[in-house]
Amino acid sequence: MPPTNEIEALKPDMVRWRRHLHTIPETAFEEKATSTYVGALLESFGLEVDRGLAGTGVVATLKGDRTGPAIGLRADMDALDIEERTNREYRSRRPGKMHACGHDGHMSMLLGAAKHLAATRDFAGTVHFIFQPAEENEGGGRRMIEEGLFDRFPMSAIYGMHNWPGQPLGTFALKPGPLMAAYDVFELTIHGHGGHGAMPNETIDPIVIAGEIIGALQTIASRTVHPVDSAVVSVTQVHGGDSWNVIPAEVVLRGTARSFKLGVQERIEARIGEIARGLCAAHGATSTLRYERRYPATVNYAEETDVAGRAAALVVGADSLIHDPMPSMASEDFAFMLNVCPGNYVWLGTGEGPNLHSPLYDFNDEALVYGAGYWTALVKTALP
């Protein structure tokens, strides 16, 4: 079932907006040109626009032609520190920065819905269109909340959406409960005793110890966490040494941990420290651990998931809904908003192609009408 003719008619606008946004990628809390462009479009549609939450955040408000509750629809604005390799005519104009996660598409779909709804206002209540900075790593959603998002713009529910490469184009995946994992990072410093590479007996070699720790950390998922629970512990950086023939005094390991349950998250943090201390002690070294809990798990509410499912079915048909998909160990800072307000987060299939965060990734413009159609159907379903 295709989106409505009215949404199809907006496709050229959405493509133009999306491709312009793709040329001006800005990373966390630097989305000045992006938010200026988005805010100006929203004002041109007739929405009341508020700027400045979390620095570059934009919240636009639209009232329907009938009274009712308020809901929020959220899109993220930031890009990534990636050198683009797509060679599109609308490729990034900013070296080392790229919209490699589709946030340009997210903004354009929500803009399309805002334009359509502003022209019709056929709903009972208020919609807050939330354009959030710094979703990638820096917790812009948390900062918007801390600066008063839900106090200044009260809402009964909030909804989010992410494009999902590899999922069939125009399908929606949704489920109540955990959908995406909590996101933690760690930095482990191994303090040894450096020396000549030809005289290792006179050193406490932190590189050898680091190797043992890297292997041992994999036992957290395989031997510490309950087999039916999910956990990932990945070492993603190893830093140590500057010379061919010098054993360094320190090695730094950095990485990420993912989980869905608070108890598992706590156990991972504890075991990283225990393993590091034990292996370092066995070699006469010491360790220092810095562990940060960046994002909580993204956990959907049952009632709002039902609303989202009914809205998506109006756009693509019930046969194009993927119920209860396997959760992803990737993370999403929309989780902070769900910790404060009931809501739902869905995945919109964008078909085959390079995955998110690839330098070859480009948002599939054919998905724009499905996303904008979903947002408009959601408003009419949640605010009939």
Mind checking what makes ring pair (Phe, Tyr, Trp, His ring centres under 6.0 Å) contact with [X], not counting sequence neighbours?
{"X": "F172", "value": "Y374"}
{"X": "F150", "value": "none"}
{"X": "F334", "value": "Y345"}

Is the shortest heavy-atom distance from the side chain of [X] to the side chain of [Y] under 4.5 Å?
{"X": "P165", "Y": "P354", "answer": "no"}
{"X": "L383", "Y": "I71", "answer": "yes"}
{"X": "L179", "Y": "P325", "answer": "yes"}
{"X": "E269", "Y": "E266", "answer": "no"}
{"X": "E332", "Y": "D76", "answer": "yes"}
{"X": "M144", "Y": "I130", "answer": "yes"}
{"X": "E187", "Y": "V252", "answer": "yes"}
{"X": "H239", "Y": "E250", "answer": "no"}

Provide the closest heavy-atom pair for [X] versus [Y] in the form atom of the first, atom of the second, distance.
{"X": "S287", "Y": "C280", "result": "CB-SG, 3.8 Å"}
{"X": "P327", "Y": "P178", "result": "CG-O, 3.7 Å"}
{"X": "L338", "Y": "V299", "result": "CD1-O, 3.5 Å"}

| task | Check T86, T350, N163 against Y361 for a side chain to side chain donor-acceptor pair (under 3.5 Å) and give me the one that passes. | result | N163

| said: Exactly one of L42, V58, L21 should register a side-chain contact (heavy atoms from CB on, under 4.5 Å) with Y37. Which one does? | reply: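 The residue from L42, V58, L21 that satisfies side-chain contact (heavy atoms from CB on, under 4.5 Å) with Y37 turns out to be L21.
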
| field | Identified side-chain contact (heavy atoms from CB on, under 4.5 Å) counterpart of H103 within the set Q132, E135, M77 | value |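 Of all the options given, the one that passes is E135.
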
Please check: side-chain N/O of [X] versus main-chain N/O of [Y], any donor-acceptor pairing under 3.5 Å?
{"X": "Q167", "Y": "W347", "result": "yes"}
{"X": "T219", "Y": "A216", "result": "yes"}
{"X": "N300", "Y": "K175", "result": "yes"}
{"X": "S222", "Y": "Q218", "result": "yes"}
{"X": "R294", "Y": "V185", "result": "no"}
{"X": "T376", "Y": "A372", "result": "yes"}
{"X": "T120", "Y": "H116", "result": "yes"}
{"X": "D78", "Y": "E136", "result": "yes"}
{"X": "H283", "Y": "A285", "result": "no"}
{"X": "T305", "Y": "Y301", "result": "yes"}

In terms of side-chain geometry, is the basic nitrogen of [X] or [Y] positioned less than 4.0 Å from the acidic oxygen of its partner?
{"X": "K115", "Y": "D13", "result": "yes"}
{"X": "R121", "Y": "D65", "result": "no"}
{"X": "R51", "Y": "E43", "result": "yes"}
{"X": "R267", "Y": "D229", "result": "no"}
{"X": "E366", "Y": "K11", "result": "yes"}
{"X": "R143", "Y": "E146", "result": "no"}
{"X": "E83", "Y": "K97", "result": "no"}
{"X": "D362", "Y": "R91", "result": "no"}
{"X": "D333", "Y": "R142", "result": "no"}

| task | Run through the side-chain heavy atoms of Ile, Leu, Val, Met, Phe, Trp and Tyr, join any pair under 4.5 Å, and report what else lands in V251's cluster. | result | F186, L188, I190, I204, I207, I209, I213, I214, L217, I220, V225, V233, V235, V238, L253, V264, I268, I272, I275, L279, L289, Y291

| request: Run through the side-chain heavy atoms of Ile, Leu, Val, Met, Phe, Trp and Tyr, join any pair under 4.5 Å, and report what else lands in I247's cluster. | output: none

List, one per line, each side-chain donor-acceptor pair under 3.5 Å for residues 154-162, sequence neighbours excluded.
unit_1, atom_1, unit_2, atom_2, d
S156, OG, A70, O, 3.0

| Cation over ring face, R74 and F129, 6.0 Å, 45° | no

| request: Assess whether side-chain contact (heavy atoms from CB on, under 4.5 Å) is satisfied between H20 and I24, documenting all intermediate values. | output: CA-CA 7 Å; H20 173 73; I24 58 166; 3.8 Å; yes

| Distance flag, aromatic centroids of H99 and F363, threshold under 6.0 Å | no

| Hey, do the aromatic rings of W17 and F45 have their centres closer than 6.0 Å? |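 Aromatic pair counts; centres sit under 6.0 Å.
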
Quick one: pull up [atom1] in [X] and [atom2] in [Y] and give me the separation to the nearest 0.5 Å.
{"X": "T236", "Y": "R254", "atom1": "OG1", "atom2": "CZ", "answer": "9.0 Å"}
{"X": "L80", "Y": "L356", "atom1": "CG", "atom2": "CG", "answer": "9.5 Å"}
{"X": "N344", "Y": "E303", "atom1": "CG", "atom2": "CD", "answer": "11.5 Å"}
{"X": "H193", "Y": "T203", "atom1": "NE2", "atom2": "OG1", "answer": "7.5 Å"}
{"X": "E89", "Y": "T23", "atom1": "CD", "atom2": "OG1", "answer": "11.0 Å"}
{"X": "H191", "Y": "T286", "atom1": "NE2", "atom2": "OG1", "answer": "5.0 Å"}

| Distance-only donor-acceptor check, side chains S35 and E31, under 3.5 Å |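 The answer is no; no qualifying pair exists.
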
| said: Under 3.5 Å, is there a donor on one side chain and an acceptor on the other for S331 and R258? | reply: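 Yes, a side-chain donor-acceptor pair sits under 3.5 Å.
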
| query | When you look at R19 and D104, which way does the salt bridge (Lys or Arg N to Asp or Glu O under 4.0 Å) test go after all the steps? | reply | CA-CA 8 Å; R19 294 186 178 185; D104 49 347; over 6 Å; no

| said: Could you go through Y183 and N137, starting from their C-alpha distance and side-chain angles, then the distance that decides it, and tell me whether this counts as side-chain hydrogen bond (donor to acceptor under 3.5 Å, both in side chains)? | reply: CA-CA 9 Å; Y183 164 43; N137 298 307; 2.9 Å; yes

| task | Determine, stepwise, if the pair F123 / L62 fulfils side-chain contact (heavy atoms from CB on, under 4.5 Å). | result | CA-CA 10 Å; F123 59 93; L62 179 68; 3.9 Å; yes

| field | Verdict with supporting geometry, F29 and E138, side-chain contact (heavy atoms from CB on, under 4.5 Å) | value | CA-CA 8 Å; F29 299 119; E138 301 303 325; 3.8 Å; yes

| request: Go through E26 and R94 one step at a time and tell me if the salt bridge (Lys or Arg N to Asp or Glu O under 4.0 Å) criterion holds. | output: CA-CA 8 Å; E26 297 169 296; R94 298 182 173 170; 3.3 Å; yes

